Amino acid sequence: KKGNKMSDESFEMDMSKEKSVRRRKLIPAGWRHLKFTNAENRKSKAGNPMVVIETLDVESGLSNEEYFVTEPGKRWKLKNLLNSIGVEGGQDGNYKWRLSDIIGKEADGLSEHEPNEYIDREGNKKIQTQSVINEFRTRAWDEGQ
């Protein structure tokens, strides 16, 4: 019978870099207590250098990746984050820091909700609300602490 022929081909594929689809979780809007749990140096889809930082919203327990461009003229978000965790530039404006200077630190971040348009795996255009954090400040400690 046609169509019932079983194929027993052998495959070998390196899937160590495969990741499941990652959806940004909707962190409540407003100033949020954040902890930075991971940081990696990566390239964007367009090939631009960036740092990707995993942020944990302490109250809700939700985590997202935030993207920080590292190209000159576009590093305002990274500079704001570094200043909020106590990494300051010298008088010449030169910042010396490591990824490990970020991991484990805490700051407040302003979560804003915005539409995110993307193409799903079936090729359909989708619009989903996402939370994005573009502004950071030194952690405002609760008075009770």
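These numbers come from a predicted model, not from an experiment.
- Residue Leu56 is not grouped with residue Ile103 when hydrophobic side chains (ILVMFWY) are merged at heavy-atom distances under 4.5 angstrom, including chains of intermediate members.
- Between Glu66 and Lys77 a salt bridge is recorded (basic side-chain N to carboxylate O distance below 4.0 Å).
- Just one residue in the list Trp97, Phe36, Phe136 forms a side-chain contact (heavy atoms from CB on, under 4.5 Å) with Ile85, and that residue is Phe36.
- Taking 4.5 Å as the limit, every side-chain heavy atom of Ile53 sits out of range of all side-chain heavy atoms of Asn38.
- Taken from CZ in Phe68 to CG in Asn80, the straight-line distance is 8.5 Å, to the nearest 0.5 Å.
- At a threshold of 4.5 Å between non-hydrogen side-chain atoms, the residues Leu34 and Ile133 count as touching.
- One N or O on the side chain of Asn64 and one on the backbone of Lys25 form a donor-acceptor pair closer than 3.5 Å.
- Ile127 places none of its side-chain heavy atoms less than 4.5 Å from the side chain of Asn116.
- In this structure, Ser131 contributes its side chain and Ser111 its backbone to no donor-acceptor pair below 3.5 Å.
- For residues 85-96, the side chain to side chain donor-acceptor pair (under 3.5 Å) pairs, not counting sequence neighbours, are Asn83-Tyr95.
- Using a 4.5 Å cut-off on side-chain heavy atoms (C-beta onward), Val51 and Arg42 make no contact.
- Defined by atom type and a distance below 3.5 Å, a donor-acceptor pair is missing between the side-chain atoms of His33 and Glu59.
- The structure places CG of Asp57 at 6.5 Å from CG of Leu62, a figure rounded to the nearest 0.5 Å.
- Annotation: the span from Glu135 atom CD to Asp108 atom CG amounts to 10.5 Å, rounded to 0.5 Å.
- For the pair Lys126 and Tyr118, the cation-pi test (distance below 6.0 Å, angle within 45°) is failed.
- Here Ser44 contributes atom OG and Glu71 contributes atom CD; the two are 7.5 Å apart, rounded to the nearest 0.5 Å.
- Between the side chains of Ser63 and Glu54, at least one donor N or O lies within less than 3.5 Å of an accepting N or O.
- Using a 4.5 Å heavy-atom threshold, the side chains of Arg32 and Ile27 count as touching.
- Electrostatic pairing of Lys125 and Glu117 counts as a salt bridge here, judged by a charged N lying under 4.0 Å from a carboxylate O.
- In this structure, the side chains of Lys43 and Met50 stay at 4.5 Å or more apart for every pair of heavy atoms.
- Side-chain contact check for Val69 versus Trp76: every heavy-atom pair is 4.5 Å or farther apart.
- Summarising the geometry, atom CG belonging to Leu82 is positioned 8.0 Å from atom CG belonging to Asp101; distances are rounded to the nearest 0.5 Å.
- With contacts defined as side-chain heavy-atom distances shorter than 4.5 Å, the pair Asn124/Ile119 does not qualify.
- Side chain of Thr70 to backbone of Pro49: a donor-acceptor contact under 3.5 angstrom is found.
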